[in-house]
Amino acid sequence: MVAVAGAQRWASAIDRALGGTIEVVAALLIAAEMAILFAGVVFRYVLKSPLVWSDEAASILFLWLASLGAAVAFRRGDHMRMTALLAGATPSRRAFLDAVAIAAALAFLLLALGPAFDYARDEASVTTPALEISSAWRAAALPVGLALMALMSLLRLFKQAGWRAALGAAAIVAAACVALTLLGPAFRHLGNLNLLVFFVGVTAATVLLGVPIAVAFGLATFGFLALTTRLPVSVIVGRMDEGMSHLILLSVPLFVFLGLLIEMTGMARAMVAFLASLLGHVRGGLSYVLVGAMFLVSGISGSKVADMAAVAPVLFPEMRERGARPGDLVALLAASGAQTETIPPSLVLITIGSVTGVSIAALFAGGLLPGIVMAIALCTLIRLRNRGEDLSRARRATAPEVFRALLAALPAIALPFLIRAAVVEGVATATEVSTLGIAYSALAGVLVYRRMPWRRLRPALVDTAALSGAILFIIGTATAMAWSLTQSGFSGRLAAAMAALPGGAAMFLVVSVAAFVVLGSVLEGIPAIVLFGPLLFPIARQVGVHEVHYAMVVVLSMGIGLFAPPFGVGYYAACAIGRVDPKDGMRPIVGYVMALFVGLAIVAAVPWISTGFIANR
């Protein structure tokens, strides 16, 4: 026992030293990316002298940021996974299943490590066009990142689980790998049934067991290629590189950081205070404020967790004083998160643009009206539910108070419009515009709100790196899975089946809504769209559905799935932020989900809502 305790102390010491170093480097990479992209905007738009190397340098650093950020997420246990089915397990069983999930992740990382080193070695012979350096400087991020993820997983397994649990979990994962390997000859005779075995069976089993979604995708793809095809498994690493290297995805970490920044500077609080001064005295007024605040904040941060964390602490105490039940609060918070999924700069919209080729500017322009329709649907239900609210403690703000609140909120309210205008007018690309938002928010925090907690910047950068790494690792492994599905011929058969549905475009939209509600609840928005977007968007065009209209229907469907219990992860995030037991919000959220479906039906039935602002573009 003394030896075990000593070994665990050593593991903790290594974890602190190495993990802290990785976090610092990842934070510096985000700062460097912001500086490079902001300099690119200034030199191109202001000085009329573009930096020819800026995009290439940003791309190289971005892959390192994604890899190191994913390692930070493994250290913290922040990778996205489905835990709804584990919540009902006993603490001891849940701890053991967590150990199995960590062991499964470690197995995939070790399996992919060799091909990643081979891939980096092959890239050494390629020279980058602008900087004229070996491409190995960029590709080396993958093997280094995978090795660090594996080490972080091993240390976490060793720290969290006892020796028996760790060895038992490792034995189960090893036995599963050996069993699948021994069945390899049989798989080769199954033909297309292997798609069900690996991409449905293996993926579903690992996701339900709480294995990180990115790892579930990776294990299924690795097993399919290794056991059923003659293709080299090294193609997984190449496809991961392809998925994680889209420069447009660089906006993901920057918008995440922007969301944290507006909360730190008080911009979000100022917007909420202004809305409360307008509507706080009417029945259901604070509920309207919550919906409106989520709409405005979502247009800045792009991160739903950041949105909810910025709005809920401001409004919930007053709403509770007015008699609102905790379950009603988190139900409305989750529903308002779903209704703002299309508000630019939505990370899901950015992802759609990167994997399908749809114009990011068109998606941003098309996302506002669908969000308004969903907000109206929620507000209609709010009005019906709050007809008997007690307003004895409510006080109507005076005109001077409203005016002062408006003046305080104007810099914050202007930000989402500035972001959209900068993209539409060509001042900055969808990737670069986030740096303008960050610079604007920092100046507003210092000069207007006089609030810039410098001590929180480093933790905010590290949090951004961890969340971004988790998202980008999912995109990488999902891209590899989507490529495997395409190579198997599945995409062609899916296209033929969807195109042959009776009812044409209307039936295609109905089937897509049902499919993406389910996918949104199980896989969350980004992995679902990376996996199925490249397959379904061409079919949408084939049956006559406008790609921006289809994007809005898909994103709203996934939002409903993401924030609706029992599987929606967003619902549990809302409960955690509101500090409410999830069971308390189960009944109240049913009505809100129905209202969201009504709004979705309107958006799906009237394409102009999504395309009206882009018809003449």
Undergrad: Check each of Leu258, Val42, Ile36, Leu254 against Thr435 using the side-chain contact (heavy atoms from CB on, under 4.5 Å) test, and report the only one that passes.
TA: Leu254
Undergrad: Out of curiosity, Met374 CE to Thr340 OG1, how far, rounded to the nearest 0.5 Å?
TA: 9.5 Å
Undergrad: Quick one, Phe199 with Ser484, criterion side chain to side chain contact (heavy atoms under 4.5 Å, CB included). Give me CA distance, side-chain angles, the key distance, then yes/no.
TA: CA-CA 10 Å; Phe199 295 128; Ser484 300; 3.8 Å; yes
Undergrad: With side chains defined as the heavy atoms from C-beta onward, is the minimum distance between Arg138 and Asp241 less than 4.5 Å?
TA: yes
Undergrad: Taking all non-hydrogen atoms of both residues into account, name the closest pair between Leu415 and Gly437 and its distance.
TA: CD1-CA, 4.0 Å
Undergrad: I need the minimum non-hydrogen distance between Ile360 and Gly353, along with the two atoms involved.
TA: CD1-CA, 3.5 Å
Undergrad: Please check: side-chain N/O of Ser354 versus main-chain N/O of Thr351, any donor-acceptor pairing under 3.5 Å?
TA: yes
Undergrad: When rounded to the nearest 0.5 angstrom, what distance separates CG in Leu332 from OH in Tyr592?
TA: 4.5 Å
Undergrad: Kindly check if the number of other-residue, nucleotide or ligand heavy atoms within 6.0 Å of OH (Tyr449) is above 12?
TA: yes
Undergrad: Compare all side-chain heavy atoms of Phe563 with those of Leu596 and state whether any distance is below 4.5 angstrom.
TA: no
Undergrad: Run the side chain to side chain contact (heavy atoms under 4.5 Å, CB included) check on Thr342 and Val603 step by step: do they pass?
TA: CA-CA 12 Å; Thr342 63; Val603 172; over 6 Å; no
Undergrad: Do the side chains of Trp608 and His549 get nearer than 4.5 Å, heavy atoms only?
TA: no
Undergrad: State, yes or no, whether a side-chain contact exists between Val598 and Thr380 at a heavy-atom distance under 4.5 Å.
TA: no
Undergrad: Within the side chain of Gln339, is there an N or O that forms a donor-acceptor pair under 3.5 Å with the backbone of Leu378?
TA: no
Undergrad: Are any non-hydrogen side-chain atoms of Leu536 and Tyr550 less than 4.5 angstrom apart?
TA: yes
Undergrad: Just verifying a value: how many Å separate Thr611 OG1 and Glu547 CD, rounded to the nearest 0.5 Å?
TA: 11.0 Å
Undergrad: Just by modelled atom types, is the Ala214 backbone N or O under 3.5 Å from a matching donor or acceptor in the Thr477 side chain?
TA: yes
Undergrad: Considering only heavy atoms from C-beta outward, does the side chain of Leu363 approach that of Met552 to under 4.5 Å?
TA: yes
Undergrad: How many angstroms lie between CG in Leu68 and CG in Leu63, if you round to the nearest 0.5 Å?
TA: 9.5 Å
Undergrad: Of all heavy-atom pairs between Pro370 and Ser610, which one has the smallest distance, and what is that distance?
TA: CG-OG, 3.8 Å
Undergrad: First locate atom OG1 of Thr479, then atom CE of Met244, and finally report the distance between them rounded to the nearest 0.5 Å.
TA: 9.5 Å
Undergrad: Which pair of heavy atoms, one from Met481 and one from Ala220, lies closest together, and at what distance?
TA: CE-CB, 3.8 Å
Undergrad: Using a cut-off of 6.0 Å, state whether more than 12 heavy atoms not belonging to Arg383 lie near its atom CZ.
TA: no
Undergrad: How close do Ser336 and Leu290 get, heavy atom to heavy atom, and via which atoms?
TA: OG-CD2, 3.3 Å
Undergrad: Is there a donor-acceptor pair closer than 3.5 Å between any side-chain N or O of Ser557 and the backbone N or O of Val553?
TA: yes
Undergrad: Are any of the side-chain heavy atoms of Phe38 and Ile438 separated by less than 4.5 Å?
TA: no
Undergrad: For a side chain to side chain contact (heavy atoms under 4.5 Å, CB included) check, start with the C-alpha distance between Phe516 and Ile560, then their side-chain angles and the critical distance, and finish with the verdict.
TA: CA-CA 9 Å; Phe516 278 101; Ile560 293 175; over 6 Å; no
Undergrad: Considering only heavy atoms from C-beta outward, does the side chain of Ile372 approach that of Leu369 to under 4.5 Å?
TA: yes
Undergrad: Walk me through whether Glu33 and Trp64 qualify under side chain to side chain contact (heavy atoms under 4.5 Å, CB included).
TA: CA-CA 11 Å; Glu33 294 282 22; Trp64 280 96; over 6 Å; no
Undergrad: Return the minimal non-hydrogen interatomic distance between Leu65 and Ala465, and the atom names on each side.
TA: CD1-CB, 4.3 Å
Undergrad: How far does CD1 of Ile474 sit from CZ of Phe217, to the nearest 0.5 angstrom?
TA: 7.0 Å
